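All values reported here derive from a predicted model rather than from experimental measurement.
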Amino acid sequence: MHLQRSLLLPFLLACAAASAQGPRADSTPAVRTLRTHEITENSLRKSDDLITIGRQTAPALVISRQSIQLAGSRRLDEVLREQTGMAIVPDLGSGNRSVGIQLQGFSSEYVLILIDGQPMTGRLAGNFDLSRIGVGDVERIEVIKGAASSLYGSEALGGVINIITRQAVRKAQATAGLRYGTYRTTDANAGAEAPFKHNKGFVSVSGNFYKTDGFNANSEYLKEGKTSPPYTSISGQARGQWRFSDRTSLQARVRAAGRTSDMFRSYGVQPFNDHLREQDLNAGLNLRHQASRSTTLLARYYYTGYDTRQTVTLQENGRILQENDFLQQIHRLEVQAEIRPDKLPVTFIGGMGGDRQSYRNPGSDIRNHMSGYFAYLQGEFASTEKIRLTAGLRYDGNSDYGGRLNLSAGARYSPTSWLSLRASLGNGFKPPTYAQMYQVFTNIQQGYTVIGAHNFAEKAAQLKAAGTIAQIWDNASLVWHLEPETSTSVNAGITVNTGSRMEWQAGAFHHRLKNLINTEQVGIMRNGQQLFSYINIDRVVMRGVEAGWKYSITPNLQLSAGYQLLDARNPAVTDSIRQKSRRYQSVRTPDGIRAATTKDYFGLPNRSRHMGSLQVSWAHPRWGLGASFRGTYRGKYGFLDVDNNGYIDHYDVFVKGHTILYFSVQKTLLEKRLILHVSADNLTGYTDFLMPSQPGRVLMAGAEWHFFRKKDKN
């Protein structure tokens, strides 16, 4: 079963006014700082996407390249784990290899992962594995919280994480770096870029090699092996651009990555070997044209493919216990347009397109296909610097589930230079995944089985005839063809700048999901483990508040903190307890079984009510020295419903509240050619066997060399 958990992080808004294409004058964009680095509207522009984060009135966060480097982060999950309101969620079903993200209570399958505005694929039990992506060539990371389907599509019910790679090259340079540390972790990067033909074009290439021995966070039960497996990852990326004229340009990019993992595990009986191979390929081609002074057009094609094969065999006789063979491919074509009419304080951005997705059945060469189509339009009104209004709509269609129209609206009001108010409303739509509909999966380590909802009756009958199912419960009658999930998100917030040294932010959010697809136990296997399938839940509500504070003690020393309070629950559980429903009517306490009350319901599993973060950053440019100390807190969260009463109560299994501390220091030498870096993650060495992907103390050290002409060093 897909079980999730969380970590934490500092919260910030990147507030920017509407982007300005062409020579038309606009109001001065708002400026916000992220740690010690300025973020402006111009810095948020992208050459291969007309959609910018500055158009969003929903809560937004921009993580700069400088922040990533100072923290010593190597993979995408290491960057996001420190951000307020976001939590790392390992997937136990894939052997803890898949590390996803939870955002304002939304689980990983509702958070859209993009690279340069195009969706990545390859999810295991809903998780997109963030550790697949190195951050050596990342220019910045943009995060939008809450339903963002108006511009980004059907998978963005919970938010969007957009990884932005190198956008422009103005000088020839190259880098090479190497880091080494705990668990024999090796991280090597190399890259080069150069303009050509008098800056009419450029090319940029980069590569990464990453290897780790993994670790065991569950030595009490796992006698031999690792909870987080060893793996080797190699990735490469190339990007190029050519300007046919001042008005027309062509961009192309390709990214290829592969990862292999071999491990041995023994829980005391039937030791086994586990082999995993993953490959993914992403390629894009974009043609941008300035049709007129007020109109910009962009046409783009994108391909993404993900192929994985996992084989689990018994060590003693080589018998195959489990095979997972999965292939997913997406071809997408899209046309965008931005129109900024002269003499009018409005901007329109719209687009339309479609995609073709194919899936290969596990253990078969048969492929299933699904087609999608979409069209969207957003308008923005900004007559003064004080007020900005946005409204948008998007239609998403699906070959299997038809279509749905999603709406969004937002407002930002700045009555003074030091005060800004914002509010946003968004809808989302998400059809079921192939795995939720058809996949049959048995977890060898835990012994449970999951059957897709659309073929549950057929596959359950086959397993029962084979003698592997002991009992199917009455609630299995609720397993039927799944309905698409829909969501409505409301966000509101305030930002106050008390001079140039202090800023604080506060916001509230309310997310309502209808037809949530939930993994639910519907029976018992012969080995005593659970049988699961998928059922639509009528509604789920996630609401809470976030707050952030930042203070510049000196120009070189900055202190920031963030906090999130989250209440995530299924109202149907509370209603059923009140109505004394047979399934929810009791709880098992240390003193025996008693009648349940509504106070016994803790909320949705794997979600902490309290999360917080603290960061101290110091930089001295003249000395070429910088240091960062960070801490994240995550309150306790429900892990397992041990009495099978259908919800997490106060007597079930919980992960304890915990704090993780980080420290890093960076020194620049030899006229900015050499950068030395030392980092320490999880300073106290905190671990918990219920957190299999949380390592103990990790120490890393490394160096990076920059090759450039002396006159270009700045």
Side-chain angles (χ1 to χ4, degrees), residues 7-12 32-39 61-84 86 134-136 138-141 175 177-182 185 187 189 500-503 548-563 612-633 659-686 695-706 713-714:
L7 258 142
L8 323 97
L9 47 72
F11 162 65
L12 248 127
R32 297 288 181 264
T33 58
L34 177 62
R35 301 179 182 174
T36 59
H37 310 291
E38 287 192 347
I39 302 290
L61 167 72
V62 178
I63 306 171
S64 69
R65 179 178 179 85
Q66 294 94 329
S67 298
I68 295 171
Q69 290 177 331
L70 182 59
S73 302
R74 302 172 298 277
R75 320 301 289 178
L76 182 58
D77 60 303
E78 296 177 6
V79 178
L80 300 178
R81 68 188 176 188
E82 300 177 26
Q83 312 305 317
T84 301
M86 302 173 72
V135 294
V138 172
E139 188 167 290
R140 67 181 182 272
I141 299 171
T175 60
L178 177 66
R179 292 182 186 176
Y180 184 81
T182 308
T185 300
D187 184 28
N189 288 284
S500 60
R501 299 180 62 183
M502 184 181 296
E503 176 182 285
W549 173 78
K550 182 173 59 181
Y551 179 63
S552 296
I553 302 172
T554 71
N556 296 332
L557 181 61
Q558 188 176 82
L559 177 66
S560 62
Y563 170 75
S613 63
L614 177 68
Q615 176 178 303
V616 181
S617 297
W618 176 79
H620 200 295
R622 191 161 58 88
W623 294 354
L625 188 62
S628 174
F629 176 81
R630 293 99 59 206
T632 60
Y633 170 76
T659 299
I660 307 294
L661 302 176
Y662 309 88
F663 176 77
S664 60
V665 61
Q666 181 175 287
K667 171 64 177 174
T668 302
L669 299 166
L670 302 178
E671 297 181 301
K672 299 184 180 181
R673 294 183 184 273
L674 178 63
I675 299 177
L676 303 179
H677 198 284
V678 177
S679 64
D681 294 350
N682 192 5
L683 285 168
T684 63
Y686 179 84
R697 187 180 299 106
V698 177
L699 305 177
M700 296 289 295
E704 185 174 78
W705 183 266
H706 290 247
K713 68 179 180 179
N714 294 321

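Gly134 approaches Val138 most closely through the heavy-atom pair O-CG2, 3.9 Å. The shortest non-hydrogen separation linking Val135 to Ser73 is CG2-O, 3.5 Å.
Here the CG atom belonging to Asn556 is positioned 11.5 Å from the OG atom belonging to Ser617, to the nearest 0.5 angstrom. Taken from CE in Met700 to OG1 in Thr185, the straight-line distance is 5.5 Å, to the nearest 0.5 Å. Gln558 contributes atom CD, which lies 11.5 Å from atom CZ of Arg501 (distance to the nearest 0.5 angstrom). For the atom pair Leu699 CG and Ser679 OG, the distance stands at 8.0 Å (nearest 0.5 Å). Separating the CG atom in Asn682 from the CZ atom in Arg697 is a distance of 7.5 Å, to the nearest 0.5 Å. Annotation: the span from Leu669 atom CG to Leu625 atom CG amounts to 9.5 Å, rounded to 0.5 Å.
Under the side chain to side chain donor-acceptor pair (under 3.5 Å) criterion, Asn189 pairs with Asn208, not counting sequence neighbours. Glu78 meets the salt bridge (Lys or Arg N to Asp or Glu O under 4.0 Å) test with Arg74; sequence neighbours excluded. The ring pair (Phe, Tyr, Trp, His ring centres under 6.0 Å) search around Tyr686 returns His658, not counting sequence neighbours.
You'll find the side chain of Trp549 reaches within 4.5 Å of the side chain of Met502, heavy atoms only. Looking at Ile68 and Ile63, their side chains come closer than 4.5 Å, going by heavy atoms from C-beta outward. Asp681 places none of its side-chain heavy atoms less than 4.5 Å from the side chain of Phe663. Two residues are said to be in side-chain contact when any heavy atoms from C-beta on lie closer than 4.5 Å; Leu661 and Phe629 meet this criterion. Using a 4.5 Å heavy-atom cutoff, the side chains of Thr554 and Trp618 are not in contact. When side chains are defined from C-beta on, Ser613 does not count as touching Arg630, because their heavy atoms never get closer than 4.5 Å. Counting heavy atoms from C-beta outward, Arg65 and Ser67 have side chains that stay 4.5 Å or more apart. Side-chain atoms of His677 and Arg179, non-hydrogen and from C-beta on, do get closer than 4.5 Å to each other.
Gln666 and Thr668 share no donor-acceptor pair across their side chains, judged by distance under 3.5 Å alone.
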Stepwise, does the side chain to side chain contact (heavy atoms under 4.5 Å, CB included) test hold for Val79 with Ile141?
-> CA-CA 9 Å; Val79 178; Ile141 299 171; 3.8 Å; yes
How far apart are the C-alpha atoms of Leu70 and Val665, what are their side-chain angles, what is the distance that settles it, and do they pass the side chain to side chain contact (heavy atoms under 4.5 Å, CB included) test?
-> CA-CA 7 Å; Leu70 182 59; Val665 61; over 6 Å; no
Apply side chain to side chain contact (heavy atoms under 4.5 Å, CB included) to Thr632 and Leu614, showing your working.
-> CA-CA 6 Å; Thr632 60; Leu614 177 68; over 6 Å; no
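Ring orientation note: the planes of His620 and Trp623 are close to parallel, at an angle under 30° on the 30°/60° scale.
Between the Thr175 side chain and the His706 main chain, no donor and acceptor come within less than 3.5 Å of each other.
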